[in-house]
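The next block holds one structure in the form of structure tokens; read it before the comments.
Lettering of chains follows the sequences in order, A, B, ..., and the numbering in each one begins at 1. Keep in mind that what you see is a predicted model, and the values were worked out from it rather than measured.
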2 protein chains.
Amino acid sequence: MNHPIDTYKFFFGALANPNRLQIINILRQGKKNVGEICKATGFEQTMVSHNLKVLEHHGMVFMEKQGKYRYYSVNKKTIKPLLEFIDAHMEEYCCKILEKKR
Amino acid sequence: MNHPIDTYKFFFGALANPNRLQIINILRQGKKNVGEICKATGFEQTMVSHNLKVLEHHGMVFMEKQGKYRYYSVNKKTIKPLLEFIDAHMEEYCCKILEKKR
DNA sequence: ATATCACATGATATTTTTGTCATATCATGA
DNA sequence: TCATGATATGACAAAAATATCATGTGATAT
């Protein structure tokens with residue numbers, strides 16, 4: 001875990017999960033607490049909490065306590081441009097692949 | 001597999017593997033055939049071939065036949081800036097995490 | 001003080017991903 | 001045509017990631 005390769009694995013591993021990506025996607029609209037995320041995604045609370053923990057641990061979302069609520073927000077500086085970057089890659093190199101539902 | 005979320009999962013999934021990342025890393029030096037990749041990484045041929053297939057399928061490397069050799073090259077337009085981008089993110093948000101070997 | 005709501009944590013079974021083994025293909029040269 | 005070298009493919013066991021279940025913690029209100 002000090003080789004740069006592990007660093008990338010660490011980073012991409014956190015994003016290689018559709019539920020975490022969906023949570024990120026919801027948070028792109030603005031900060032939300034756990035209950036709101038559950039409602040918006042239809043996911044169970046414990047699953048959301050586990051995945052938020054991973055995302056937070058990777059610096060991809062931030063957390064802020066407010067009474068008994070915990071508000072999560074996406075790391076806009078990093079994540080937003082990253083997703084846009086990938087949109088461009090997918091558009092150019094992967095559209096055909098995706099059409100035939102891999 | 002038509003929701004944008006699946007698109008991201010598709011993308012990140014391909015990169016969330018240390019052996020594939022190492023292959024990409026080797027290819028950053030320039031195009032190489034399978035045997036050369038094996039030698040450079042110490043990986044077995046079948047494993048390298050399987051992983052190259054994944055990377056090619058995702059538009060992250062390109063392949064070019066030359067006689068009985070197959071030369072692979074990294075998609076520099078996408079991969080290089082992506083890795084640099086992640087370096088910056090890791091530097092800013094994940095350095096402490098990585099130091100204590102997660 | 002205690003009940004309740006919001007959320008986190010730990011353990012584990014299940015799913016997914018991965019590497020390996022055996023084998024196939026494809027190109028080249030004898 | 002056959003042998004050999006280079007690489008790909010398929011099947012499957014092992015490893016890793018994940019969701020779920022049960023339970024724990026912390027804040028607020030009564």
Side-chain angles (χ1 to χ4, degrees), chain A residues 1 3 5-27 31-58 60-73 97 101-102, chain B residues 1 3 5-27 31-58 60-73 97 101-102:
Chain A
M1 189 40 127
H3 193 61
I5 294 297
D6 298 318
T7 299
Y8 296 127
K9 146 78 174 155
F10 179 78
F11 182 91
F12 291 121
L15 293 173
N17 173 291
N19 297 338
R20 281 199 288 275
L21 286 165
Q22 183 133 4
I23 290 170
I24 286 177
N25 203 39
I26 290 296
L27 290 178
K31 72 177 56 174
K32 286 200 173 5
N33 64 45
V34 179
E36 290 169 336
I37 296 170
C38 291
K39 201 170 226 173
T41 56
F43 297 157
E44 284 204 63
Q45 179 262 313
T46 59
M47 191 260 262
V48 169
S49 284
H50 277 300
N51 282 321
L52 282 170
K53 191 181 180 182
V54 174
L55 292 172
E56 190 187 7
H57 186 234
H58 287 73
M60 290 163 182
V61 305
F62 303 123
M63 190 267 281
E64 188 186 337
K65 291 188 188 181
Q66 250 178 61
K68 54 179 174 174
Y69 299 96
R70 294 191 180 199
Y71 281 84
Y72 287 86
S73 56
I97 299 162
K101 76 198 304 275
R102 61 158 163 167
Chain B
M1 187 39 127
H3 193 61
I5 294 298
D6 297 318
T7 300
Y8 296 125
K9 145 78 174 156
F10 179 78
F11 182 91
F12 292 120
L15 293 173
N17 173 292
N19 295 339
R20 281 198 289 275
L21 286 165
Q22 184 134 2
I23 290 170
I24 286 178
N25 202 40
I26 290 295
L27 291 178
K31 71 177 57 174
K32 287 198 172 9
N33 64 45
V34 179
E36 291 169 336
I37 297 171
C38 291
K39 201 170 226 172
T41 56
F43 297 157
E44 283 204 64
Q45 180 263 314
T46 59
M47 191 261 262
V48 169
S49 284
H50 276 302
N51 282 319
L52 282 170
K53 191 181 182 183
V54 174
L55 292 172
E56 190 187 9
H57 186 234
H58 287 74
M60 289 163 184
V61 307
F62 304 122
M63 191 265 282
E64 189 186 337
K65 291 187 188 180
Q66 250 177 61
K68 55 179 173 174
Y69 299 96
R70 294 193 181 197
Y71 281 84
Y72 286 87
S73 57
I97 299 162
K101 74 198 307 274
R102 59 156 162 169

Selection: residues 41-51 of chain B, any non-hydrogen atom under 4.0 Å of DNA chain C:
B:Glu44, B:Thr46, B:Met47, B:His50, B:Asn51
Hey, what's the ring geometry for B:Phe10 with B:His57, parallel, tilted or perpendicular (30° and 60° as the breaks)?
perpendicular
Whether A:Lys9 contacts D:dA16 is assessed here as follows: a side-chain N or O lying under 4.0 Å from the phosphate OP1 or OP2. Is that the case?
no
Nearest-nucleotide check on DNA chain D, B:Gly35 vs A:Asn19; residue mapping nearer the 5' end is B:Gly35
Does a side-chain N or O of B:Lys65 approach OP1 or OP2 of C:dA27 to a distance below 4.0 Å, or not?
no
Mind checking salt bridge (charged side-chain N to carboxylate O under 4.0 Å, His left out) for A:Lys39 and listing every partner two or more places apart, or none if nothing turns up?
none
Donor-acceptor pair, A:Glu56 side chain versus A:Lys53 backbone, under 3.5 Å?
no
Compare side-chain N and O positions of B:Tyr69 against OP1 and OP2 of D:dA8 and report whether any pair is under 4.0 Å apart.
no
Can you tell which of C:dT18, C:dA27, D:dA8 lies closest to the side chain of B:Arg70?
D:dA8
Any side-chain N or O of A:Asn17 less than 4.0 Å from the OP1 or OP2 oxygen of D:dA17?
no
Applying salt bridge (charged side-chain N to carboxylate O under 4.0 Å, His left out), name anything that partners B:Glu44, two or more places apart in sequence or on another chain.
none
On the nucleotide C:dC7, are OP1 or OP2 found under 4.0 Å from the side-chain N or O atoms that A:Lys68 carries?
no
